[in-house]
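Input: a single structure, listed below in structure tokens.
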Amino acid sequence: MTEIQTETAPDAPRYNFRAAEPRWQLEWDRHGCFHVEDLPTDGKPKYYVLEMFPYPSGKIHMGHVRNYTLGDVVARYKRAQGFSVLHPMGWDAFGLPAENAARERGVHPAKWTFENIANMRVELQRMGLSLDWAREFATCEPGYYGQQQKLFLDFLAAGLVERKESWVNWDPVDGTVLANEQVIDGRGWRSGALVEKKLLSQWFFSITKYASDLLAALDRMDRWPERVRTMQKNWIGHSTGAQLHFPLVTPEAGIQQIEVYTTRPDTLFGMSFVALAPEHPIAAAIAARNPQAAAFVAECRQLGTSEAVIETAEKKGFDTGLRVAHPFLAGKTFPVWIANFVLMEYGTGAIFGCPAHDQRDIEFARKYGLEVTPVVLPPNGDPASFAVGNDAYVGPGTIYQSGFLDGLDVSEAKARAIAELEKLGVGRGVTNWRLRDWGVSRQRYWGCPIPVIHCPACGVQPVPADQLPVVLPDDVTFDKPGNPLDHHPTWKHVACPSCGAPARRETDTCDTFVDSSWYFARFCSPQASEPVNRAAADHWLPVDQYIGGIEHAILHLLYSRFFTRAMSATGSLAVDEPFDGLFTQGMVTHASFRGADGRWLYPEEVDIRADGSAVHRETGEAVTVGRVEAMSKSKRNTVDPGEIIARYGADTARWFILSDNPPDRDIEWTESGVAGAYRFTQRVYRLAEAGVGLTPGAEPDTFGPPALALRRTTHRAIAALTEALESFAFNVAVARLYELANAIAEGDRAAAEPGMAWARLEALSMLARLAGPMMPHLAEEVHALLHPGEPMVANLPWPKADPALVAADSVTIAVQVMGKLRGSVVVAPDATAETVISAAENEPNVARLLAGKRVVKRIHVPGRIVNFVIAA
RNA sequence: GCCCGCCUGGCGGAAUGGUAGACGCACCGGACUUAAAAUCCGGAGUCCUGUAGGGCGUGCCGGUUCGAGUCCGGCGGCGGGCACCA
């Protein structure tokens, strides 16, 4: 990539972003443009803009540039609209990578994290974001996580925290709990040992207590993307069905029956087997006496806890030899299998299999040669010939081969089957939730310590308020596997706060999702000596516009919604929903490159030739251009924002990332696109320089046609920008500014026309102010050039369009014959239907096509179209 | 596997059910220059053809409508999530 020359040449003066950007950043800071009080007294309406805060990995990446640019456009725009805007920034600073760095390089997680933060703060500041840096905090500071510990104890006191057992991925060689991403093909990423599932006693937040409310509120959240709401609905997974039991023909380990949950009681007559989760108590009982069953259960354990892995694994089962009776089919019995695809966490951990009408069941049945009995006949199906092959029929239909259910449709049959189960006393209608309680225990060092003490005599005791925060010890070692807090010689040994006897401090730390579930509330009063200052939170919450990646559509957002409710229940807040408006951005992608030896190459190692082929910059060897995909270190298809900003300036980076496509789609970072954005910054500056000396006098009485045309374009741009920024159509906003710039250039060529000087100055001034949210430094520079001594763009109100100049003076109406475009006519905006249709009929090409034909229908959509329908 | 999206010229994309391709990138032509770069001006979906007119065209197949990129059904490809990555 060639260095863009930025020196000022005598004949082509250029905008020097290297000098201008730091200068304006300093000016904004000096004037406190972006600072707001916890409890403002300016009387302005509030607007809280928040982007998902970053994990301090070391450097900002393009995803951050996109996220924070989007948020900054909103913040600057709303500020110009007269709002008092809260726009804070902080650090999601706990997490695994710091601990990995400690194990791999011997650097302490705190040192690693704070150095990363220091570096990334500078990078973010270079972007010229309108942030209130006075509110900055990192979640790994005791000032934050100590307050989080108070919330944990509030929740504990309110009955929203429980201790339960749950399965974890266990590395038997390292003796460590593994995150799902640390399990690769069933093995621990470091030890290579086969992973096992292990049952641990852990802390849980009772999010299921809010399941119904979390679901119902989604319908009211009309400023959230529909797809996010749908994903959350499905995740919460409210279902209605039946819980019923099948009596075991011979009891197993004292257990008489198997409890099953089903959403398809209508298909009970199509039953062919019962399947148990490998963790089911009956499966365990059989495994205890049957080595083959034990081997199968052990094999299932090696799948780990990831649902994606379990559900994509080949379906396997083990026939226990047990049989169950059927509630409706006297005398008939069915086999009981243990199956690797049945989840212990959902329903009762046991299912009845109806292969004809469930895809997983049919795959299982075909593999093991189990019965397949269709009981739902598709509409217009023939009962004599309808059969199920390898695809289950899950659509609507009529029940048949099902005794008393015959002839009912699916939903009628569900109700009827449940009524019968209740009558027989073997089952009942129930509602069920897919949502599980939120396990927050982590056996790791770099997280918020869970503030409880285990006393052999008194049980679990909360850490007393005067002993908070429970601070992480600095002197930990990472030389052996497992939790460093557990290995620490003294930290966990404390006196019981109740009886004073020797007790053990909890060594589990919180899931880092906890840290990010209330940071938005802490930003309202980051120095408060309680989790949040109620008055500040009441003023600023909810967040008016939250912006972040779609990858957080479920977990982070759902946990934050739960936390907000729990904080309200315990008196910290007065709102239920944290984020009034949500916008989810797409990923930043880039082409990937591979050398002849198959190794991935960084974009800066590659030269693209004019014919599109690629070669290695230094060796000249041919390079394979791979797919465009999400930037990732492993594919080396990353572009460093720091380098881009150094080379082209922050405004160019911001402008490109806004201009290229709609912000909710994936964007491809291209070098030519960035160069184009850079050229535009220079072009705007050149246009402004040509306008220096245009004096802002009184508005002239008359404008010649070219000046009037420029004024129309200017005012339409104001209207279009306002609409585009309101609706996150930032790429459209950019396009309108290009149009305005093109119109200004045209005006420059007609400089002598009446009123043109005034129109040009107006257009240039508006160009600067409208571009302000997107290219804030350039906007200030241009505005200062045209209006020396006047207030900064950052302090100016948003321009208002003159409706008279926005309104069209004529409209072009498309004319169709039989739905095909055959011409167009220009009419007055208020022309009557008669006038328009008459003009359309007289349009020469239309008249030719209509000649001798009988018009049976004339459709006129005012301002849009005329369509003639002619007889066949 | 399950849930949720996305798919429009060479490329990114625009388009309240109403003239598909605004705007930009790349490309081509012209001006300026000794020349190049930069800049400025202009061109262009594609095919037939005479710059008049017409055919085709928004992943594929079908439907609703006077009219479908847009709504509905099915299919394909790509991507996000799946509870310990953040």
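Scope of the values below: all heavy atoms of this structure, side chains included, with no hydrogens, waters or symmetry mates. This is a predicted model, so every value here is computed, not measured. Just so it is clear: chains get the letters A, B, ... in the order the sequence lines come, proteins before strands, and each one is counted from 1.
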Mind checking A/V168 for me? I need base, sugar-phosphate or nothing, with any heavy atom below 4.0 Å counting as a touch. base
Are any of the side-chain nitrogens in A/E739 or A/R716 under 4.0 Å away from the carboxylate oxygens of its partner? no
Checking all strands, does A/F341 fall into the base, sugar-phosphate, or nothing category for heavy-atom contacts under 4.0 angstrom? nothing
One thing to verify: whether A/E689 and A/R686 come together as a salt bridge, which I'm taking to mean a side-chain N less than 4.0 angstrom from a carboxylate O. no
Please tell me which of the listed nucleotides, B/C85, B/C41, B/A86, lies nearest to the side chain of A/E551? B/A86
In the structure shown, which nucleotide is the Watson-Crick or G-U wobble counterpart of B/G67, with both distances under 3.5 Å? none
Can you tell me the distance, in whole Å, between the CG atom of A/L343 and the P atom of B/A83? 10 Å
Would you classify A/P225 as touching base, sugar-phosphate or nothing, given that sugar-phosphate means primed atoms plus P, OP1 and OP2, and contacts are heavy atoms under 4.0 Å? nothing
For the residue pair A/Y393 and A/H357, categorise the inter-ring angle as parallel (less than 30°), tilted (30 to 60°) or perpendicular (more than 60°). perpendicular
Ignoring hydrogens and geometry beyond distance, is the side chain of A/N234 in donor-acceptor contact with the base of B/C3 at under 3.5 Å? no
B/C84 base to A/Q443 side chain: any donor-acceptor pair below 3.5 Å? yes
Would you tell me if any nitrogen or oxygen in the side chain of A/K820 comes within less than 4.0 Å of OP1 or OP2 on B/C56? yes
Would you indicate whether A/K59, at its atom NZ, is surrounded by more than 12 heavy atoms from other residues, nucleotides or ligands within a distance under 6.0 Å? no
Heavy atoms under 4.0 Å, any strand shown: does A/L96 hit a base, just sugar-phosphate, or nothing? sugar-phosphate
Between atom CZ in A/R665 and atom C1' in B/C78, what is the gap in whole Å? 13 Å
note: A/W446, atom CH2; B/A86, atom P; distance rounded to Å ~ 13 Å
Which part of the nucleic acid, if any, lies within contact of A/L435, taking any heavy atom under 4.0 Å across all strands shown: a base, the sugar-phosphate backbone alone, or nothing? base
If you take the centroid of each ring, where Trp contributes its six-membered ring, are A/W669 and A/F656 closer together than 6.0 Å? yes
In B/S/- notation, 5' to 3', how is nucleotides 19-28 of chain B contacted by protein heavy atoms closer than 4.0 Å? B--BSSSS--
Any salt bridge between A/R264 and A/D358, counting N to O under 4.0 Å? no
Taking the six-membered ring for Trp, are A/F563 and A/F205 ring centroids under 6.0 Å apart? yes
Aromatic ring centroids of A/F583 and A/Y546 under 6.0 Å? no
Need one value for A/W438: base, sugar-phosphate or nothing, where a base atom within 4.0 Å counts as base even if backbone is also close, heavy atoms only. nothing
N or O in side chain of A/N661 less than 4.0 angstrom from B/A14 OP1/OP2: no
Check the distance between B/G1's C1' and A/K367's NZ and give it to me in whole angstrom. 14 Å
Taking B/A83, B/A86, B/C66 as options, the one with an atom nearest any side-chain atom of A/H552 is B/A86
NZ/NE/NH1/NH2 to OD/OE distance under 4.0 Å, A/E363 and A/R360: no
Checking all strands, does A/A308 fall into the base, sugar-phosphate, or nothing category for heavy-atom contacts under 4.0 angstrom? base
Between B/A86 and A/R442, is there an OP1 or OP2 to side-chain N/O distance shorter than 4.0 Å? no
For B/G9, glycosidic torsion class - syn if within 90° of 0, otherwise anti: syn
Which whole-number value in Å describes the distance from A/R66 CZ to B/G12 P? 14 Å
What contact category does A/E723 fall into here, base, sugar-phosphate, or nothing, at under 4.0 angstrom with non-hydrogen atoms? nothing
Looking only at side-chain N and O atoms, does A/R434 come under 4.0 Å of OP1 or OP2 in B/C82? no
Look at all strands and tell whether A/V861 reaches a base, only sugar-phosphate, or nothing, counting heavy atoms closer than 4.0 Å. base
Options B/G18, B/G80, B/C40, nucleotide nearest the side-chain atoms of A/N867: B/G18
